[in-house]
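Numbering of ligands and ligand atoms starts at 1, following listing order. Model, not experiment: these values are computed from the prediction.
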Amino acid sequence: MNILILGSGGREHSLAWAIQQNPKCDRLIVAPGNAGIAQMCETADINILDGDAVATFAEENTIDFVIVGPEAPLAAGVADRLRDAGLLVFGPSKAAAALEASKSFTKAICDAANAPTSAYGHFTDADAARAYIRAQGAPIVVKADGLAAGKGVIVAVTEDEALAAVDDMFDGSFGDAGAEVVIEEFMEGEEASFFVLCDGKTVLPIGTAQDHKCVGDGDTGPNTGGMGAYSPAPVMTDAVTQKALTEIVQPCMDEMTKRGTPFEGVLFVGLMIKDGQPRLVEYNVRFGDPECQTLMMRMGGQVLDLLQACAEHRLADCKVHWANDHAITIVMAANGYPGDYIKGSVINNLDALPEDSKNMVFHAGTGTKDGKIFATGGRVLAVTARGDNLSEARDRAYAMTKEIDWPEGFYRSDIGWRAL
Ligand code: GLY
């Protein structure tokens, strides 16, 4: 099978690494990929937001299966364009990707499905949004309705912060994404990420994880895309998982199908759990990054069979084979991230690190020049390890980070603290 993966992050590196272990994988191309991906398979420099360009590339390279990694091409309708071209695709349609691309859409689906989530208001007008904040008080959460590259959520501790966030959004700080805002009740509890495959009918759980969004140790400092993650998430007990499935995920998926826009792909279910009761924080329509790195480390090559079965609407026949193991990933980021950071610093000694079923450095933002690996982004490496328990996995991952010679990078020293 010839497989094309779209994306360039640690998520796509880990997907490629797991998929390449499956004997069904003949040829693997990642577009555009990164330096780490280029060490293990072919990469191709195509614009993944351009459905016509991806379809032409897929036809020219006799691709059998396209896996879409990030949300932007999904929201742009690339999966629809590829399906129209007769390709087998893993990733939801543009209409179903609205579960991530529009916060108010997701709230409306939850309302229709009676799925537990926070109380909210949806506004296209700043004065009405301000009045709602004054009536509700703080803490309160202000969200840009559209895709804002992980930056459109402000957890406001005071009313003034919430009012300022509304002003920012309507003044255009978040571009079109902030033309509408959703203002939500602040939910207390413990957050977890729950991943399910859905083929429009069957929902198949494929794992849980928890990530660390704040940049600093002790969960302090500004929000990031995620500074590390571990799987499984202990808070996702069997009882909580069952409730999340029956009260939230399945009714929402049924509602999508009822509307004629079935969700087909991986659903990243962000949950807040308090007193054993999960409530929906958000949906994303792709694997989380860096959560995916921990899931792929645990699932290995079987993931290709599962993604293919999902795309072929055969999930009802599938089972996930889990080892009783744990995985953790430590993100190494460029100094200054998530603020301004310098690109282009050289990373040394990666070649000396082990690459096997228990140790892997996935690249998130890297390039090569003169035979050297250098940083091209904010989050640059995801140092990932597996073990019989979380502390074994954690020790293994931190041992690898210490071998990496990159003075211009940093990482949190307490990934996994909550579970450990
Ligand atoms: N780690 C959070 C995300 O992928 O959105």
Exercise. Give a yes or no on whether a salt bridge exists between Glu190 and Lys274, defined as a side-chain N under 4.0 angstrom from a carboxylate O.
Key: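 Salt bridge flag = no for Lys274 with Glu190.
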Self-check item: Lys/Arg-Asp/Glu bridge criterion (N-O < 4.0 Å) met for Lys358, Asp356
Solution: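 Looking at Lys358 and Asp356, the cut-off is not met.
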Self-check item: Pairing residues for Thr257 by the side-chain contact (heavy atoms from CB on, under 4.5 Å) criterion, not counting sequence neighbours
Solution: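 Per chain and number, Thr257 pairs via side-chain contact (heavy atoms from CB on, under 4.5 Å) with Pro262.
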Quiz item: Using a 4.0 angstrom limit on heavy atoms, which residues are close to ligand 1?
Solution: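 If the criterion is a heavy atom under 4.0 Å, then ligand 1 touches Asp211, Gly225, Phe268, Arg286, Gly288, Asp289, Pro290, Glu291.
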Practice problem: Establish, yes or no, whether a centroid distance under 6.0 Å links the rings of Tyr132 and Phe123. | Solution: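 Yes, they do, as the ring centres are separated by less than 6.0 Å.
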Could you go through residues 163-172 and list every donor-acceptor pair under 3.5 Å that involves a side-chain atom there, pairing it with any protein atom two or more places apart or in another chain?
from	atom 1	to	atom 2	distance (Å)
Asp167	OD1	Arg130	NE	3.2
Asp167	OD1	Arg130	NH2	2.8

Quiz item: With sequence neighbours excluded, what pairs up with Phe194 under the ring-ring contact (aromatic ring centres under 6.0 Å, His included) test?
Solution: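 Listed in chain order: nothing, the list is empty.
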